[in-house]
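Below: one structure, written as structure tokens.
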Amino acid sequence: MDIASLPLTALKGVGPKLADKLKRLNLHTVQDVLFHLPLRYQDRTRLLPIGSLRPGREAVVEGEIELADVVFRGRRSLICRVSDGTGHLHLRFFYFNAIQQQNLARGRRLRLFGQVRFGPAGVEMIHPEYEFTDGAQAPKAEENLTPVYPATTGVHQLSLRKIARQALEMHLDKIHEWLPPAVLQELKLPTLTEALALVHRPPPHTPVELLAEGKHPAVVRLAFEELLAHHLSLKRLRARVQMEAAPPITGDGGLTHQLLARLPFQLTRAQQRVLGEILHDLRQQHPMQRLVQGDVGSGKTIVAACAGLGVVESGLQAAIMAPTELLADQHLRNFTGWLEPLGISVVGLSGKLNGHARQDVLERIGSGRAAIAVGTQALFQEGVEFADLGLIVVDEQHRFGVHQRLALREKGRQGARRPHQLIMTATPIPRTLAQSLYADLDVSVIDELPPGRKPVETVALPSARRVDVVSRIRDACTAGRQAFWVCPLIEESEALELETATDMEQALRKALPDLRIALIHGRLKPAEKENIMASFKRGEIQLLVATTVIEVGVDVPNASLMVVENAERLGLSQLHQLRGRIGRGAAESHCVLLYQPPLSEMARARLAAMRETSDGFEIARRDLEMRGPGELLGTRQAGMPLFHIADLLRDRALLPRVQSVAELVLQEYPDRVEPIVRRWLGSAEEYGRV
Ligand code: ADP
Ligand code: MG
């Protein structure tokens, strides 16, 4: 039987009950067991002299009990002193029964395994594993390093070891090698079976640090194939979509030209180029799948509106989806302002809408009377039927995560036809990474900001300097400028965040009695939020105290000052997003990052990066180096780790080879794609079928 479908119960000692528990570790088949890698290793291959023990390490020793005593020091414990002639060691047992006490007696010889630590009387082990070696023949030392697997309640480490050993001994030969020998040779990597055998049972003296750091060729081999599987999966998805029919786009771009002619500005060259790429895609037979990366403020929204017009012109609908209601509202205002003068009907749909208003919107979407629908994820919930959806725009994709993005694409499907998809993100990532993570997409970059933008002058100040900052705000607002005062999440609690923001608002009102101040946060009713944003936009509110609800996309060009509280706690890309709210108008903009000293090294590096650069790509690169890609790409938010073994940051040097090997496999060994993808992603989790 194929090892990928061989059930766990095929292993000796695994009944239905244990198999059930193993599911909690995501182990379903014998193959899964082979791919369940140890977290770390114990070295039980060597007997160490007691005199050589160092605290902090695990060790096997053998010796004779010289002294055994039950003492009451704080708590009742059994203490044995063991010696092997090179030194002595104390064993400490807090839990023991009468028989154990009887056995652990003076004169007995035993072999011990445990963690060495420093105790009151020199080196000691607490509750070591032990085995008597007098009388019976001495136990053999282990031949290999002992694996320690990720375990779960009810599944003992020892049974995991037994299961893994059995899977290895009985079934390893059923694992197919899919990588061509030439590739392995060139990359100097072991075969898959060699790699698996090594990681489960490393021979003595294997450099375990290299295994732990993922730098050992065996781990690299596994990571390589996992990355390859993901890449192939995305490539295949892309190929499948290219076989599908797209809604036919026939217009001549007249509407887009009308819109552009009415705008108070000209598109930047980068915007024009990207729009050209989009319009070209829209005229193809198959659905567009394009990602637009553009730093905060690069003007992605207008590009999306032009793309929308491109499909509306052909009598189709466009759906624009934003991650928050605040942003959806802003888009709705923008799109309405831009498009209704052209006679195009725009509706908004988000979670807050209900009753008649919702019915009305649904009816307009369903009948096709609404050409453009702007909203949150509510756009793709049950009960929303588009008359003829031609384009889905997903804004701020990094807030959604890879899995959600792919799920969404499926939802937008209409019969045999699949709408065009345009994905926008303000989190630019380095090219090789983008080519891996977005292998199913074409990528465009808006690499230019609208003219006249001045970089935001950024300073970091200890919070003790808040008084100075308050008076700067007073001066600036009195001179007609507007400011944000951001109070981000301090604890993992929205309520607490709100409390700090509320307190701050009150303090600021007291300190700045002449300013018009308002507070905006996530708990306000949508209509209230909308009102506040609208009057801030009109300039009626001078200082807006906010939680991080304003992080994404909010656009008020006259706001040129921002204070961020507790800036040391925020991630780099979040700070960059926040700061992107200012520096959008003609005025010189300033950002003050307040922090609570002392700063950790990481926090210091983040604040330095913010001071030194405002380039989103550079910020992303540094963020990647500091934190790893999970957070950057939003996979963590989406709650699903992308990889079991690979790590995009650690393994990024492999990515170009992964991409070229993927091409090779697709060209020369197309029938291996399916088994490779299935081995690593499983059939249920496969991209595009989520
Ligand atoms: P983002 O890429 O962050 O979504 P937006 O689409 O919100 O950026 O655009 C930021 C601001 O820049 C908006 O006020 C928008 O109207 C303006 N804008 C967009 N393109 C241009 C341009 N070519 N020239 C001047 N202003 C522009
Ligand atoms: Mg935006």
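Every number for a ligand or one of its atoms is a count from 1 in the order of the listing.
- The existence of a salt bridge linking Arg417 and Asp388 is confirmed by a sub-4.0 Å separation between a basic side-chain nitrogen and an acidic carboxylate oxygen.
- Taking every heavy atom of Asp295 and a limit of under 4.0 angstrom, the matching atoms of ligand 1 come to 2 (O).
- Here's the thing with Trp338: none of its N/O atoms is less than 3.5 angstrom from an N/O atom of ligand 1.
- Close N/O approach between Gly299 and ligand 1 is found [any backbone or side-chain N/O within under 3.5 Å].
- By the 4.5 Å heavy-atom criterion applied to side chains, Val564 and Val592 are not counted as neighbours.
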Would you tabulate the side-chain donor-acceptor contacts of residues 338-350 under 3.5 Å, counting partners in other chains and residues two or more places apart, or write 'none'?
from: Glu340; atom 1: OE2; to: Val346; atom 2: N; distance (Å): 3.3
from: Ser345; atom 1: OG; to: Arg369; atom 2: O; distance (Å): 3.3

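- A salt bridge does not link Arg604 to Glu568: none of the charged nitrogens lies less than 4.0 Å from a carboxylate oxygen.
- Distances from atom 6 (O) of ligand 1 to the heavy atoms of Thr301, Val296, Ile446 show the closest one on Thr301.
- Remark: Lys352 engages Asp329 in a salt bridge, criterion side-chain N to carboxylate O under 4.0 Å.
- Look at Arg652 and Asp647 and you find no salt bridge, because none of the NZ, NE, NH1 or NH2 atoms lies under 4.0 Å from a carboxylate O.
- Using a non-hydrogen distance threshold of 4.0 Å, Gly297 registers as a contact of ligand 1.
- Taking every non-hydrogen atom of Gln266 and a distance limit under 4.0 Å, the qualifying atoms of ligand 1 come out as 22 (C), 23 (N), 24 (N).
- Residue contacts with ligand 1 leave out Gly294, since none of its heavy atoms falls under 4.0 Å from the ligand.
- Annotation for ligand 1: atoms under 4.0 Å from non-hydrogen atoms of Leu267 are 23 (N).
- Atom numbering of ligand 1 starts at 1 in the shown order; those under 4.0 Å from a heavy atom of Thr268 are 23 (N).
- In Gln271, the part holding a heavy atom less than 4.0 Å from any atom of ligand 1 is the side chain.
- Residues Ile320 and Phe335 meet the side-chain proximity criterion, which asks for heavy atoms closer than 4.5 Å.
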